[in-house]
Amino acid sequence: MSAATFLELLAREASAVEFEGPIIAARAAGADPAAIEELEQAKVEALKVRDLLKRRARREAELSALYDTAGDLAALRDLDAVLEAIVRRARQLLATDIAYMTLHDPERGDTYMRVTDGSISAKFRALRLAMGAGLGGLVAQTAVPYATADYFADARFRHKDDIDEAVTEEGLVAILGVPLRLGQRVIGVLMAANRSARPFHQEEVSLLASLAAHASVAIDNARLLQETRNALEELSHAHRTARAHGEAVERAALAHDRMTSLVLRGGGIEDVAAVVTDVLGGSLAVLDDLGRALTGDVGELDQEVFEAAQASRALGRTVRRGDLLIASVDVGGEQLCTLVLRSDDADERILERAALVCALLLLFRRSVAEAEGRVRGELLDDLIARPGSPGLADRARRLGVDLNAPHVVVVAKHAGQRERAAFWASSQATMRHGLAAGRGEEVVLLLPGDDAGGIAQRVAAELSASLHGPATAGASGLPGGRGPRSGPESGPGPGPRQGPETGPGSGPRSGPEHVARAYLEARRCAEALLALGRAGEGASAAELGFVGLLVGDGRDVRGFVRATLGPVIEYDARRGTALTATLAAYFGSGGSPSRTAEAMHIHVNTVTQRLDRVGKLLGEGWLEPERALEIQLALRVHRLGHTSTPQTVDADAI
């Protein structure tokens, strides 16, 4: 054996294993060690020559591929075909199982799979890589080539479940990625990968980078070519559309600026509608989600208009019906508003922008109302459940509620319609600068005012109308100022009946610590109305007569007597008459004038005259059973008041 044998092996491009053959044969023939050593050195030199020839052949193939790619770019006809050729050549030259290219998506801020060669996974071909995620995302973020011999064992980049699942499904292990760059900007990544572990040499990185540079040029040339074509097409029509387009853009921009400015200055839907009619002319109506007009009036709207509004929401654009333009907006399937324009101007974009602005205003109002309603409800809950908590008055003041001013607590019992009742109560509290909260089968309101009975009646009536069912409201007043309540004294003579809350010292005092007591009294009033069969009505303790003595927090006995018998007692005090005594004797004798006269030692005609005077002072219906019961109770309490210290007379003395 001689060195010439290795030259023959080089000439026929034998594999590296075959270069061991001459040495094995020499040993088998019994060659001396010096000859074997000479053959070993010849083998090493031959293998070096073999590797050099192989690298040169590969470099020649690479240059040929790059030359072919450059030729494709020079005759650019189809960008997709050029990119596919680059990826295919990258796979062939690097002898990898797969090659692929991702491009940057400026709208979503990530990269998406543009071209693949050798891929077998649909999930992998649809993969998107966030900037910095996975090897490809890291290359796109840093603009530096990266290679890994074992993807899942490499901790240099951020692994994400969706990316790793796609790589696993594709079966990839070794991955090389180089950036696609235009100047300093990275527009994508060119990658080659193997389904088994392998290192990537610097020559392979350089080759892939060269192919990536060609791909970048192809993409940029295609973009420039498309832009040139688009520019030529636009210029061909510019002379016919420039003036009309310019006017439309200027008008739309003006309308948009005006509407934006209005919103920034705190303007409302009425202001936006005024801008639309000023620009487009005609008349405009803005309808809410229930079809009620928020502003404007375009006459009677038929069913066809509402069907057009539904179509507008489905299509996301303006719909025309006759001489009307209808633009409707919804969010998550929930209708927000509909704009109905009667105008000869058919600029739909301005109407659609106005609809979006109105929808945003309504959403903002709704969000503010919901947030404020939650805050107001939490505060009222704390006032009721935790009256001693610090900072309640300050929290109320920030919401525009002065707890030291006169207020009324109203408890409204409803028929289980919690959401609708709570929404109505929250709206009322916001409009009237009060508080509202839902508590089980009732809603609680704290409203400014001093007419507890009137407010309870109004709440019962309006909530019943909103719920389409009876709502029963009880109320209790919180007088203004600090300290004991000092309501006005009732004057003499006939007039509206005053209730227990009108007397001094009655009812809860003012301040946040007394809201809970007022709530309990209002709740008892509502329950008393239901027990009396008066569902759907509203009242405070004042309107419940002697029942108010039982449910009222202050048990104002003096006020009850004054409200029931005040005109008669005052008449006796001024005239020196005995109407009160006569009235007591009349009821004591079972309503018999003759027995009353006998008991008082007066003529029966005198009794009749006195009872007539009583009737004028107390008003009609004073002998009705319920009213008569209250008068008898007041007479008994009045008599006790003359035989005991007035301050000690209360309901327990009855």
Side-chain angles (χ1 to χ4, degrees), residues 65-90 99-117 119 125-132 136-145 177-192 207-257 316-317 347-350 352-353 356:
L66 292 174
Y67 177 80
D68 292 341
T69 301
D72 291 338
L73 293 177
L76 178 65
R77 295 178 298 275
D78 185 350
L79 175 63
D80 289 339
V82 173
L83 296 181
E84 289 172 0
I86 291 174
V87 171
R88 183 170 57 254
R89 286 166 186 162
Y100 52 97
M101 179 188 298
T102 63
L103 294 183
H104 178 60
D105 186 342
E107 293 184 359
R108 297 181 56 170
D110 60 2
T111 59
Y112 64 95
M113 201 70 70
R114 180 68 168 80
V115 181
T116 64
D117 187 70
S119 173
R125 291 194 297 271
L127 188 63
R128 301 186 74 95
L129 303 176
M131 302 299 284
L138 184 61
V139 174
Q141 185 180 54
T142 62
V144 176
V178 297
L180 299 171
R181 303 179 61 171
L182 282 177
Q184 300 299 318
R185 183 165 57 93
V186 176
I187 63 172
V189 180
L190 180 60
M191 309 181 79
L207 172 61
L208 196 62
S210 299
L211 290 172
H214 284 297
S216 299
V217 172
I219 294 170
D220 195 42
N221 286 347
R223 178 184 62 82
L224 294 174
L225 180 59
Q226 187 60 44
E227 289 178 356
T228 302
R229 289 172 177 170
N230 293 340
L232 290 174
E233 291 177 1
E234 291 174 1
L235 288 174
S236 65
H237 299 285
H239 68 282
R240 295 192 302 269
T241 60
R243 176 172 297 180
H245 179 70
E247 291 176 352
V249 169
E250 183 178 359
R251 186 170 62 162
L254 176 62
H256 179 76
D257 291 344
R317 59 179 177 81
D347 196 332
E348 300 177 357
R349 292 171 298 178
I350 294 179
E352 290 166 0
R353 291 183 181 182
L356 289 174

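The residues of the chain are indexed from 1 along the displayed sequence.
- Residue R317 qualifies as open at atom CZ: its count of foreign heavy atoms under 6.0 Å is 12 or below.
- The line from CG of L83 to CG of D117 is 12.5 Å long, rounded to the nearest 0.5 Å.
- Using a 4.5 Å heavy-atom threshold, the side chains of R128 and D105 count as touching.
- Considering only residues two or more places apart in sequence or on other chains, R181 meets the side-chain contact (heavy atoms from CB on, under 4.5 Å) condition with A143, P179, Q184, V186.
- For R353, there are no salt bridge (charged side-chain N to carboxylate O under 4.0 Å, His left out) partners at least two apart in sequence or on another chain.
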Practice problem: Test side-chain contact (heavy atoms from CB on, under 4.5 Å) on R114 and D80 and set out the steps. | Solution: CA-CA 9 Å; R114 180 68 168 80; D80 289 339; 2.5 Å; yes

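- The line from OG of S216 to CG of L103 is 9.0 Å long, rounded to the nearest 0.5 Å.
- A pairwise comparison of heavy atoms in D110 and A130 identifies CB-CA, 3.8 Å as the closest pair.
- Here the shortest heavy-atom pairing between V139 and G177 reads CG2-O, 3.8 Å.
- If you take CD on Q141 and NE2 on H104, they are separated by 11.5 Å, rounding to the nearest 0.5 Å.
- Rounded to the nearest 0.5 Å, atoms OG1 (T111) and CE (M101) are 12.5 Å apart.
- A distance of 12.5 Å separates CG of L129 from OH of Y112, quoted to the nearest 0.5 Å.
- For the residue pair V87 and L190, the shortest heavy atom distance occurs at CG2-CD1, 4.0 Å.
- The distance from atom NE2 of H214 to atom CD1 of I219, rounded to the nearest 0.5 Å, is 13.0 Å.
- Heavy atoms only, all atoms of each residue included: I86 and L211 are closest at CG2-O, 3.8 Å.
- T116 approaches Y100 most closely through the heavy-atom pair CG2-CB, 3.8 Å.
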